[in-house]
There are 2 protein chains.
Amino acid sequence: MSPPVIPLERPRRERADAVRNRLHLLRVARRLIAEEGADRLTMDGLAAAADLGKGTVFRRFGTRAGIFRALLEDSEQEFQRAVLEGPPPLGPGAPPVERLAAFGRARVEHLAANIEVVGQSRVDGHGEGPLGSFSVLHFRVLLEGVDLPGISLDAVAVLLAAAVETPLLLTLDRHDVESLPGSVEDLAAAWEALVRRMVG
Amino acid sequence: MSPPVIPLERPRRERADAVRNRLHLLRVARRLIAEEGADRLTMDGLAAAADLGKGTVFRRFGTRAGIFRALLEDSEQEFQRAVLEGPPPLGPGAPPVERLAAFGRARVEHLAANIEVVGQSRVDGHGEGPLGSFSVLHFRVLLEGVDLPGISLDAVAVLLAAAVETPLLLTLDRHDVESLPGSVEDLAAAWEALVRRMVG
DNA sequence: AGACTAAGCGGACTATACCCCGTTTAGCAA
DNA sequence: TTGCTAAACGGGGTATAGTCCGCTTAGTCT
C-alpha cells in the first residue's frame, strides 16, 4: 500500500523540553509576580531567574503580554467552561436576560480576582487581543434570543463587552487596589440592573 | 503697605522659547504622523526632525503618550465646550435622557475622527488618564436627574463611560480602519437605543 | 544696563522589549 | 545504535522610552 498522499499532517506535538521549560517559566513567573508585583516582571529577569536564555522566553511567549495571557489561560478556560457548559444561570438553560446578568457579575469578579495580571496582559496592543473577544461572541449569541428591533446585534455585543471588560481598569487608574472590592460589587449590581432595564 | 503675606503665587508664565518649541514640536509631530502613521512616531525621531534635543521633547510632554494627548487637547476642549455650553441636546437644556443619547453619538464620532491618535494616547498607562474621565463626570451629573433606585450612580457612570470610550478600540483590533465608518454608525445607534431603554 | 535665578535645553546614559542566527538537541527511522 | 532534520536554545545585538545633570538663557529686579 502506498503512503497517504497527504501525510496526515501530524502536528508533531510540543517537544518534551519545550513543555518542561514552559511550565518552569510559568512557575517562576508566578513566583516573581507574587514577590515583586506584576509590573516589575522583566523578560531578562524572568530568563535569569529561570536559568534560561532570553531567546527561549520570547520563543515561548512571543511578547511580554504573552506571558500574562499564558498565566491567565487556566482560569480563563475554567471561566469559559462555566459559561458554556456550567449550571444556569451562567451556563445554558436560563433565559437570555438571566444569563446576561449572571455573566456580567461573574466576569467582573473573575477580572477582579486577576486584576494585576489582566492589566499587564493588555499592555502591548491597545485592545486586548483574544481576551474579551469571548465576551463579544457570547453576547452576540445570547442577543439572538432578545428582542431589540432595528439595532445591530454586533454593535450591541461590542458595547456590552466593553462595559464589562474595561471599567475595572478605568477605576484602577483613579483609585487603588484596596478599593476594588467595593467597586466590584457596585459594578456587578449596576450591570445587572442595567441589563434588566435594557432587555426586560 | 506691607507686601502680601502670600506672595500671590504668580504662575510665572511659560517662557517664550518654551512656547515656541512646544508649538514647533506639535507641528512637526503632526507632519510626521501624517507621513508615517501615528505608531511610527518615535521620541528620537521627533526630536531629530524638530532639530531639538530629546530631553526637550520629554520635558514638554513627559511621555510618549503625552504627545498624543497634547495633540488631542484642542479638539477635546472643543468637544467639552460643546457638551458644557453648546446647544441642546448635547449641551444643557434638554432632558437627561436626550443628553445621554446625544453624548454617546457625539463622543463616538469624535473618537473615530481621531482614532489613531486616541489609540496612541492611551498606550502607556493601561487606562487613559484624563481622557474619558470627563465622560465619567458628565454621566455622573446627568444621572442625578434620572431615576435609578438603589444603584450606585458612580458605578453606572463608569460603566457607561467604558461603553462609550473603548468599543472603537476593541473593534479596531478585530477589523481595520476602513470599516470604521459603518462601526461608528452602528455603535451610535446601539448606544442611543440602549440608553433610551435603560432610562426611559 | 547688569546681575541673578529659575526655567529651559541637550545629549549621553540606562533600562528593557524584542530580533537574529549560529549551535545544540529531541524525536524519529533505518 | 547511528544519522538526520526540525525544533529549541542562548545570548549578544538593536531600537526606543525615559532619566540625569551640567550648561545656557529668558525674564525680572535694582
Side-chain angles (χ1 to χ4, degrees), chain A residues 3-4 7-26 28-29 32-33 36-70 119-126 129, chain B residues 3-4 7-26 28-29 32-33 36-70 119-126 129:
Chain A
L8 239 301
E9 199 56 55
R10 191 176 14 166
R12 214 160 156 64
R13 77 171 174 289
E14 200 181 7
R15 240 166 70 172
D17 51 348
V19 176
R20 212 180 321 120
N21 283 340
R22 180 165 51 76
L23 295 177
H24 181 221
L25 281 168
L26 288 177
V28 173
L32 291 180
I33 289 173
E36 304 265 312
D39 48 345
R40 292 284 186 86
L41 186 72
T42 75
M43 302 303 260
D44 284 348
L46 175 56
D51 253 311
L52 290 170
K54 211 187 334 180
T56 306
V57 179
F58 275 96
R59 162 170 295 270
R60 278 279 75 80
F61 302 109
T63 158
R64 194 186 115 96
I67 292 176
F68 295 96
R69 264 183 253 121
Q120 297 292 326
S121 78
R122 32 204 271 163
V123 159
D124 62 344
H126 342 127
Chain B
L8 240 300
E9 200 57 53
R10 190 176 12 166
R12 211 159 158 63
R13 78 172 175 290
E14 201 181 6
R15 243 166 71 171
D17 52 348
V19 175
R20 211 180 322 120
N21 282 341
R22 179 166 49 78
L23 295 176
H24 180 222
L25 281 169
L26 288 177
V28 173
L32 290 180
I33 289 172
E36 304 265 312
D39 48 345
R40 292 282 187 84
L41 185 71
T42 76
M43 303 304 261
D44 285 328
L46 175 56
D51 254 311
L52 290 169
K54 202 178 359 169
T56 306
V57 178
F58 273 95
R59 161 170 295 270
R60 279 277 76 82
F61 302 109
T63 156
R64 194 185 115 95
I67 292 177
F68 295 96
R69 263 183 254 122
Q120 297 293 325
S121 79
R122 30 203 279 167
V123 160
D124 62 344
H126 342 129

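Numbered from 1 within each chain, the chains take letters A, B, ... in sequence-line order.
Atoms CZ (B/R64) and P (D/dA15) sit 17 Å apart, rounded to a whole Å. The interatomic distance linking A/F61 (CZ) with D/dC9 (C1') rounds to 14 Å, in whole Å. Rounded to an integer number of Å, the gap from CZ of B/R20 to C1' of D/dT24 is 14 Å. Atom CZ of A/F58 is separated from atom C1' of D/dG13 by 13 Å (rounded to the nearest Å). Taking atom CD on A/E14 and atom C1' on C/dG27, their separation rounds to 14 Å, with Å as the unit. In this entry the distance linking CD of A/Q120 with P of C/dT16 reads 13 Å, nearest Å.
Listed nucleotides: C/dA26, C/dG8, C/dA12. Nearest to the side chain of B/K54: C/dA12.
The CZ atom of A/F61 sits 4.0 Å away from atom CG of A/L26, with the distance rounded to the nearest 0.5 Å.
Partners of A/R22 by salt bridge (charged side-chain N to carboxylate O under 4.0 Å, His left out), not counting sequence neighbours, listed by chain and number: A/E14. Under the side-chain hydrogen bond (donor to acceptor under 3.5 Å, both in side chains) criterion, A/D17 pairs with A/R15, not counting sequence neighbours. Taking B/A50 as the reference, B/H24, B/L25, B/V28, B/L52 meet the side-chain contact (heavy atoms from CB on, under 4.5 Å) condition, with sequence neighbours excluded.
Toward the 5' end of DNA chain D, the nearer of the two residues A/D17 and B/G55, judged by each one's closest nucleotide, is A/D17. Residue order along DNA chain C, read from the 5' end via each residue's closest nucleotide, puts B/R59 first among B/R59 and A/R59.
Within the structure, a side-chain polar atom (N or O) of B/R60 is placed less than 4.0 Å from OP1 or OP2 of C/dC9. Listed pair A/T56 / D/dG10 meets the phosphate criterion, a side-chain N or O lying under 4.0 Å from OP1 or OP2. Contact check, A/T63 against C/dC18: a side-chain N or O comes under 4.0 Å of OP1 or OP2. Residue B/N21 places at least one side-chain N or O closer than 4.0 Å to OP1 or OP2 of C/dC9.
Between the side chain of A/R64 and the backbone N or O of A/L41 there is at least one donor-acceptor pair closer than 3.5 Å.
Between the base of C/dA7 and the side chain of B/R15 there is a donor-acceptor pair shorter than 3.5 Å.
Contacts between residues 41-53 of chain A and DNA chain C, counted as heavy-atom distances below 4.0 Å, involve A/L41, A/T42, A/M43.
Taking all atoms of both residues into account, the shortest heavy-atom contact from A/A49 to A/L32 is CB-CD1, 3.9 Å.
Using a 4.0 Å heavy-atom criterion, one finds that A/R40 contacts no nucleic acid atom at all.
Applying the side chain to side chain donor-acceptor pair (under 3.5 Å) test to every pair with at least one member in residues 43-59 of chain B, sequence neighbours left out, gives these pairs: B/D44-B/K54.
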